[in-house]
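Single-structure report; data block below.
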There are 2 protein chains.
Amino acid sequence: MIELRVDLVLLSLRAGRLEVLLETDSGSSVPAWRLPGSAVGERQSLEAVAQACLVAATGSTRGYLEQLYTYGDPARVPGRRTVSCVYLGLLRGASGEPKVPGGRWHDASHPPRLLFDHRAILDYALTRLRYKLEYTAVGFELLEATFTLTELQRAYEAVLGEALDKRNFRRRILSAGVIEPTRAFRTGEGRPARLYRYRDDAVAEVKARRLFP
Amino acid sequence: MIELRVDLVLLSLRAGRLEVLLETDSGSSVPAWRLPGSAVGERQSLEAVAQACLVAATGSTRGYLEQLYTYGDPARVPGRRTVSCVYLGLLRGASGEPKVPGGRWHDASHPPRLLFDHRAILDYALTRLRYKLEYTAVGFELLEATFTLTELQRAYEAVLGEALDKRNFRRRILSAGVIEPTRAFRTGEGRPARLYRYRDDAVAEVKARRLFP
DNA sequence: AGAATAGTGTCTCTCAGACATTATTTG
DNA sequence: CAAATAATGTCTGAGAGACACTATTCT
């Protein structure tokens, strides 16, 4: 029998780093980590399963979800025929601790040993996210509702893994027309920074040129 | 029970038009068209099922295949719980008539009425193909092993649905470095045209700027 | 010779990328 | 006033897009 499930690559910015949520069977002595997920119920859509997993794992109902790829090689899970429809999830803002027992956040670029083909899935998700960041506005999904331009730049840098020029970043992100200034500022050390928000009317896919080629 | 299957959007250039392969139950009086596909066997990978369907439908073993999206809404196929993993297939050159009974090529942009959500799937496949054509070399998959630049331009125009400037097209496609000239020419009416071929060492994804933004 | 198709070059304008200084606030 | 962070503008080079004529072959 073919078992159909949905697995998730849940990503979040925590302390400026891109982290991924992994689960382990608390029973076993050697920790074996895996992506969260669950079997698909008879009457659930794939999207609904992904959403339910997201809520179960993080307690948050806010999050961006996107279907990534479906993995169906007969040998990918030894002893069973499991087909996994994998979703990529981005959580807004620094998420709290995982709500699910055995769940923990890990550095997305240097995860522990993962079960099955989950390491390949994670790497693919990161590649796709980096790629997507270059020509869509999906990066905003990792931040709070309002944010400073520096925070936004840090988010992009965390995902892309490289430093970006401050002036060029601002010029491009502002000319893309997907964010707009608010009247609020974030204070702290140094000069206060203006807060921005996503524009409601911003198109998800930035039609124009890539943002970061 | 959840039924898992693979369906295909098979596209081919026929008489300069982009056409899609559809199947019908020859028994029924009112033709009801659908995308070709089949159930996933216990020991088959999804890719293998797609490849097998491609061969069964067209008799050709040459073809580009790429996983497109997995459709799993409980209501998409009335009375059954069917999850479809859909592959996009591009056939090289003008394909012959379909090998499968009930199969026929149709104008991809103006298909007949389709069963289930297959119309939405087809439209999504076309959108993705057009989008992908802008920044990858995937367009070559619709042509023979060697081709003239005019043929290549016609292929791009057929998919994109718009006319392209001859000089700009040539400049960009040549500077992309994915094709190379052969010593052969195609003769016919008018001046013979040089034949080109794909470069074996061409990267699938053109890293540089989009070809046709 | 005429019809048909192949093949080629330039200019302009926009945008990406590199780069350093001034402005505002807190302690 | 020192430390910290925010905010801003210019120059240069590459490439996209618009555009028209010459070259070669066949009948």
Side-chain angles (χ1 to χ4, degrees), chain A residues 15-16 130-131 133-137 139 143-144 146-158 160 162-197 206-213, chain B residues 15-16 130-131 133-137 139 143-144 146-158 160 162-197 206-213:
Chain A
R130 290 188 187 110
Y131 193 67
L133 216 56
E134 292 177 350
Y135 61 95
T136 72
L143 296 175
E144 308 280 1
T146 65
F147 48 85
T148 71
L149 289 183
T150 300
E151 289 165 359
L152 183 59
Q153 184 178 342
R154 295 286 172 269
Y156 271 78
E157 289 174 338
L160 295 176
E162 62 180 328
L164 299 173
D165 180 85
K166 186 190 228 180
R167 286 161 293 184
N168 293 339
F169 178 83
R170 288 170 185 234
R171 170 157 38 89
R172 277 185 290 183
I173 211 74
L174 289 174
S175 69
V178 290
I179 63 175
E180 60 187 6
T182 68
R183 300 215 172 139
F185 288 81
R186 173 153 304 159
T187 59
E189 238 180 336
R191 174 174 171 177
R194 182 174 290 277
L195 287 167
Y196 289 77
R197 74 163 78 90
V206 178
K207 282 291 184 196
R209 207 161 309 286
R210 293 185 183 180
L211 291 178
F212 304 98
Chain B
R130 288 188 189 111
Y131 194 66
L133 216 57
E134 292 177 350
Y135 61 95
T136 72
L143 296 175
E144 307 279 1
T146 65
F147 48 86
T148 70
L149 289 182
T150 300
E151 288 166 359
L152 183 59
Q153 184 177 342
R154 296 284 171 270
Y156 272 79
E157 289 173 338
L160 296 176
E162 62 180 329
L164 299 173
D165 180 84
K166 185 192 230 182
R167 284 160 295 183
N168 293 340
F169 179 84
R170 286 168 186 237
R171 170 157 40 88
R172 277 184 292 183
I173 212 75
L174 289 175
S175 68
V178 290
I179 63 175
E180 60 187 6
T182 68
R183 300 216 172 138
F185 288 81
R186 174 154 302 162
T187 60
E189 237 180 338
R191 175 175 170 178
R194 182 174 291 275
L195 288 167
Y196 288 77
R197 74 164 78 92
V206 178
K207 281 293 182 192
R209 207 160 310 286
R210 292 186 184 179
L211 290 177
F212 303 99

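Below, chains carry the letters A, B, ... as their sequence lines are ordered, and counting in each starts from 1.
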Practice prompt. Would you tell me whether B:T148 and B:R154 have side-chain atoms, one donor and one acceptor, within less than 3.5 Å of each other?
Written response: no

Practice prompt. Side-chain contact test, heavy atoms from C-beta onward, threshold under 4.5 Å: evaluate it for A:L149 versus A:Y196 and give yes or no.
Written response: yes

Worksheet item: Please give, in whole Å, the distance from D:dA18 P to B:L164 CG?
Response: 11 Å

Worksheet item: For the pair made of CZ in B:F169 and P in D:dA18, what is the distance, rounded to whole Å?
Response: 16 Å

Worksheet item: How many Å lie between CZ on A:R186 and P on D:dA7, as a whole number?
Response: 12 Å

Worksheet entry | Whole-Å distance separating the CG atom of B:L174 from the P atom of D:dG15 | 15 Å

Item to complete: Could you check how far CD1 of B:I173 sits from C1' of D:dA16, rounded to whole Å?
Response: 14 Å

Worksheet item: Which whole-number value in Å describes the distance from A:F185 CZ to C:dT25 C1'?
Response: 12 Å

Discussion item. Output the rounded distance in Å from CZ (B:R172) to C1' (C:dG9).
Written reply: 16 Å

Worksheet item: Base, backbone or nothing for each nucleotide of nucleotides 19-27 of chain D, written B, S, -, heavy atoms under 4.0 angstrom, 5' to 3'?
Response: BB--BBBS-

Worksheet entry | Nearest-Å distance for atom pair CZ/P, residues B:F147 and C:dA6 | 14 Å

Item to complete: Select base, sugar-phosphate, or nothing to describe what A:T150 touches, counting heavy atoms under 4.0 Å on all strands.
Response: sugar-phosphate

Item to complete: Using a cut-off of strictly less than 4.0 Å, decide whether A:R170 has a side-chain nitrogen or oxygen near OP1 or OP2 of D:dG9.
Response: no

